[in-house]
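When reading the values below, keep in mind they use all heavy atoms of this one structure, side chains included, and skip hydrogens, waters and symmetry mates.
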Amino acid sequence: MIDTKITSDPPLLSQFKALPHRQIQCNDQRCAVIEECELPLIDLSHLVSQDPKERVACVAAIASASSEWGFFQVVNHGISPSLLGEMRREQMKVFEMPFEKKSSCGLFNDSYRWGNPTATSPKLFSWSEAFHIPLTMISQPACYGEFRSLREVMEKFAAAMSKLARTLAGVLLENLGQLDGTFDENCNDSTCFLRLNRYPRCSITQEMLGLQPHTDSDFLTILCQDQVGGLQLMKDSKWVAVKPNPQALIVNIGDLFQAWSNDIYKSVEHKVMANEKVDRYSIAYFLCPSYETLIGSCKEPSIYKKFSFGEFRKQVQEDVKKTGHKIGLPRFRL
């Protein structure tokens, strides 16, 4: 039997060994993880409750978590466990392909990425591989190659995640006193995307980053993860590890919603740590607008100058190229 572990992993180790000063260390006190946390847990069935008080309390809980944590988890979200399980199985099939095939087969319009070729130090390296898939690609049969069974599952999964994202975005807008419909106008299949992630086990160090610290450059993100753990977020200037919940999906606020809300909602820095013993899998849905969409604060005086999503993305890319990391919203503060 062929050892698919050997043939499917990208050459992360050789890329990592090519970096100067390969020892991973951090003298910043923020690096220490002092506790494992359970994110605020919200039952979304209360949004459709016949008791108006339950709905009001649910909206308040979502808004509070978005302000205090920037992260929360949801149950009774409307996406069936069977669909989530089927999507995970199909995802694993794709990543089990030999690396050479993954990197050259053109799956999802050549959307495969791995490691970080531009990293100049260990703290900028990501021990992971991913498929970064625009929603417009999901309905195109030619994008799937031999993985025909993936198409139907992916279409159902993307539709369900899109519906949930718009529901949550509508609730957050409602709490700000804004009219719903903003996301229907500016966020669609040509602007939003899915990312299928795999973080191969890494036995060379306990401190290997699967994904380097960052905030998300979108309105909001919905994450479907396995039970391995590894997600960490910044809370009260310290890293805390997120305890996985098998029944829940994780939601986090992106940079655009922080700017739109005038800092009422928080886009929080987060990262993923690689596991020494097992692979970690996750799927993220990103609610993004068109590049022409103008982002302005909902209240005056505004903390940020108005900017288009295209301007924001261009600035992020320039900062990463020059400094090795994203600067993001501080660039647009007044």
Side-chain angles (χ1 to χ4, degrees), residues 24 26-42 61-75 77 116 122-128 130 161 164-165 168-169 172 195 197-199 202 206-261 263-275 280-288 316 320 325-330:
I24 299 178
C26 181
N27 297 320
D28 187 343
Q29 64 177 355
R30 302 189 322 158
C31 292
V33 178
I34 60 171
E35 62 179 307
E36 184 178 56
C37 74
E38 291 193 19
L39 296 174
L41 182 64
I42 298 171
I62 292 172
S64 176
S66 299
S67 178
E68 295 177 17
W69 285 79
F71 272 77
F72 56 94
Q73 51 188 344
V74 295
V75 293
H77 40 66
N116 186 352
K123 68 179 182 179
L124 300 176
F125 189 76
S126 295
W127 192 274
S128 59
M161 293 289 265
L164 177 58
L168 292 169
L172 290 165
R195 189 168 66 209
N197 301 304
R198 174 178 173 250
Y199 303 90
C202 177
Q206 294 181 338
E207 303 302 320
M208 181 65 73
L209 288 167
L211 193 62
Q212 58 186 281
H214 67 287
T215 57
D216 289 350
S217 300
D218 61 355
F219 278 114
L220 62 80
T221 304
I222 303 176
L223 181 71
C224 174
Q225 64 169 355
D226 61 19
Q227 302 310 299
V228 172
L231 175 63
Q232 297 179 7
L233 60 89
M234 187 61 64
K235 183 76 167 79
D236 300 326
S237 300
K238 297 175 183 177
W239 288 109
V240 294
V242 175
K243 184 178 180 180
N245 181 331
Q247 278 77 49
L249 297 175
I250 291 176
V251 182
N252 67 276
I253 300 298
D255 297 334
L256 304 186
F257 235 142
Q258 177 168 329
W260 198 298
S261 70
D263 276 5
I264 293 175
Y265 305 141
K266 300 299 190 296
S267 180
V268 173
E269 192 176 23
H270 52 285
K271 64 182 178 180
V272 175
M273 303 303 297
N275 190 285
R280 178 183 187 269
Y281 291 89
S282 70
I283 308 172
Y285 175 93
F286 298 89
L287 183 66
C288 299
V316 167
V320 170
H325 66 277
K326 171 185 172 181
I327 296 175
L329 281 181

A.B. asks: Taking side chain to side chain contact (heavy atoms under 4.5 Å, CB included) as the definition, give me every residue that meets it alongside Ile264, ordered by chain and number, with sequence neighbours left out.
C.D. replies: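 By the side chain to side chain contact (heavy atoms under 4.5 Å, CB included) rule, Ile264 matches Leu176, Ser261, Lys299.
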A.B. asks: List for me each residue that meets side chain to side chain donor-acceptor pair (under 3.5 Å) alongside Gln225, sequence neighbours excluded, and say none if there are none.
C.D. replies: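 Expected list: Arg280.
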A.B. asks: Can you tell me if Ser282 uses its side chain to pair, donor with acceptor, with the backbone of Asn197 under 3.5 Å?
C.D. replies: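 Not confirmed, Ser282 side chain does not pair with Asn197 backbone.
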A.B. asks: Taking all heavy atoms of Asn116 and all of Phe125, pick out the closest pair and write down the distance.
C.D. replies: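 Minimum heavy-atom contact is N-CE1, 4.1 Å.
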A.B. asks: State, yes or no, whether a side-chain contact exists between Leu287 and Leu168 at a heavy-atom distance under 4.5 Å.
C.D. replies: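 They are not in side-chain contact.
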A.B. asks: Answer yes or no: is there a side-chain heavy-atom contact under 4.5 Å between Leu39 and Leu233?
C.D. replies: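 A side-chain contact under 4.5 Å exists here.
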A.B. asks: My understanding is that only residues two or more places apart in sequence, or in another chain, count here; which of them pass side chain to side chain contact (heavy atoms under 4.5 Å, CB included) with Pro40?
C.D. replies: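 Pro40 satisfies side chain to side chain contact (heavy atoms under 4.5 Å, CB included) with Ala65, Trp69, Phe72 only.
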A.B. asks: Calculate, to the nearest 0.5 Å, the distance between atoms CE and NZ belonging to Met234 and Lys266 respectively.
C.D. replies: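 Going from the CE atom of Met234 to the NZ atom of Lys266 covers 15.5 Å.
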A.B. asks: Which heavy atom of Gln258 sits nearest to which heavy atom of Ser267, and what is that distance?
C.D. replies: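 Looks like OE1-N, 2.7 Å.
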A.B. asks: Going by ring pair (Phe, Tyr, Trp, His ring centres under 6.0 Å), name the residues that satisfy it together with Tyr281, two or more places apart in sequence or in a different chain.
C.D. replies: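 Here no residue qualifies.
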A.B. asks: Write down the atom of Gly328, the atom of Val316, and the distance for their closest heavy-atom approach.
C.D. replies: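 Gly328 and Val316 have their closest heavy atoms at CA-CG2, 4.5 Å.
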A.B. asks: Let me know which of Leu223, Val75, Leu164 forms a side-chain contact (heavy atoms from CB on, under 4.5 Å) with Leu249.
C.D. replies: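 Of all the options given, the one that passes is Leu164.
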A.B. asks: Mind checking what makes side chain to side chain donor-acceptor pair (under 3.5 Å) contact with Asn275, not counting sequence neighbours?
C.D. replies: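 Partners of Asn275 by the side chain to side chain donor-acceptor pair (under 3.5 Å) criterion come out as none, since no residue qualifies.
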A.B. asks: Can you sort out the partners of Lys326 under salt bridge (Lys or Arg N to Asp or Glu O under 4.0 Å), two or more places apart, ordered by chain and number?
C.D. replies: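 Partners of Lys326 under the salt bridge (Lys or Arg N to Asp or Glu O under 4.0 Å) test: Asp255.
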A.B. asks: Checking Asn245 side chain against Gln247 main chain: does a donor-acceptor pair fall under 3.5 Å?
C.D. replies: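 Pair found, side chain donor or acceptor close to backbone of Gln247.
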A.B. asks: List for me each residue that meets salt bridge (Lys or Arg N to Asp or Glu O under 4.0 Å) alongside Glu38, sequence neighbours excluded, and say none if there are none.
C.D. replies: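 For Glu38 the salt bridge (Lys or Arg N to Asp or Glu O under 4.0 Å) partners, ignoring immediate neighbours, are Lys243.
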A.B. asks: When rounded to the nearest 0.5 angstrom, what is the spacing between OG1 in Thr215 and CG in Leu256?
C.D. replies: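 It comes to 9.5 Å.
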A.B. asks: Can you name the nearest heavy-atom pair linking Pro244 to Gln227, along with the distance?
C.D. replies: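 Result for this residue pair: CB-OE1, 3.3 Å.
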A.B. asks: Say you draw a straight line from CD1 of Ile222 to NE2 of His77; how long is it, rounded to the nearest 0.5 Å?
C.D. replies: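 So the gap between those two atoms works out to 9.5 Å.
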A.B. asks: Quick one: does Leu209's side chain get under 4.5 Å of Met273's, heavy atoms only?
C.D. replies: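 Sidechains of Met273 and Leu209: in contact.
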A.B. asks: Under the rule for ring pair (Phe, Tyr, Trp, His ring centres under 6.0 Å), what residues qualify as partners of Tyr285, not counting sequence neighbours?
C.D. replies: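 Scan of Tyr285 (ring pair (Phe, Tyr, Trp, His ring centres under 6.0 Å), adjacent residues dropped) gives none.
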A.B. asks: Return the minimal non-hydrogen interatomic distance between Phe257 and Ala169, and the atom names on each side.
C.D. replies: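 It is CZ-O, 3.9 Å.
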A.B. asks: Compare every heavy atom of Glu269 with every heavy atom of Trp239, then report the nearest pair and how far apart it is.
C.D. replies: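 In this case the closest contact between Trp239 and Glu269 is CZ3-O, 3.7 Å.
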A.B. asks: For Glu68, give me all partners under side chain to side chain contact (heavy atoms under 4.5 Å, CB included), at least two apart in sequence or on another chain.
C.D. replies: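 Only Ser64 meet the side chain to side chain contact (heavy atoms under 4.5 Å, CB included) criterion with Glu68.
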A.B. asks: With sequence neighbours left out, write down each residue that passes side chain to side chain donor-acceptor pair (under 3.5 Å) with Asp216, or none if nothing qualifies.
C.D. replies: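 Counting only residues at least two positions away or on another chain, Asp216 forms a side chain to side chain donor-acceptor pair (under 3.5 Å) with His214, Thr221, Asn252, His270.
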A.B. asks: Which residues satisfy the side chain to side chain contact (heavy atoms under 4.5 Å, CB included) test with Ala61, sequence neighbours excluded?
C.D. replies: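 Result, side chain to side chain contact (heavy atoms under 4.5 Å, CB included) vs Ala61: Ile42.
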A.B. asks: Name all residues meeting the side chain to side chain donor-acceptor pair (under 3.5 Å) criterion together with Tyr265; count only those two or more places apart in sequence or in a different chain, and write none if there are none.
C.D. replies: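 So Tyr265 forms a side chain to side chain donor-acceptor pair (under 3.5 Å) with Asn175.
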A.B. asks: Ile62 and Leu172: side chain to side chain contact (heavy atoms under 4.5 Å, CB included), yes or no, with the steps?
C.D. replies: CA-CA 7 Å; Ile62 292 172; Leu172 290 165; 3.8 Å; yes
A.B. asks: Would you give the length of the straight line joining atom CZ of Phe71 to atom CD1 of Ile253, rounded to the nearest 0.5 angstrom?
C.D. replies: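 Here the rounded value is 9.5 Å.
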A.B. asks: Are Gln73 and Val242 side-chain neighbours, meaning at least one heavy-atom pair lies under 4.5 Å?
C.D. replies: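 Result no, sub-4.5 Å side-chain heavy-atom pair not found.
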A.B. asks: Do any N or O atoms from the side chain of Gln212 and from the backbone of Leu124 form a donor-acceptor pair under 3.5 angstrom?
C.D. replies: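 Yes, the answer is positive, given that a donor and an acceptor are paired below the 3.5 Å cut-off.
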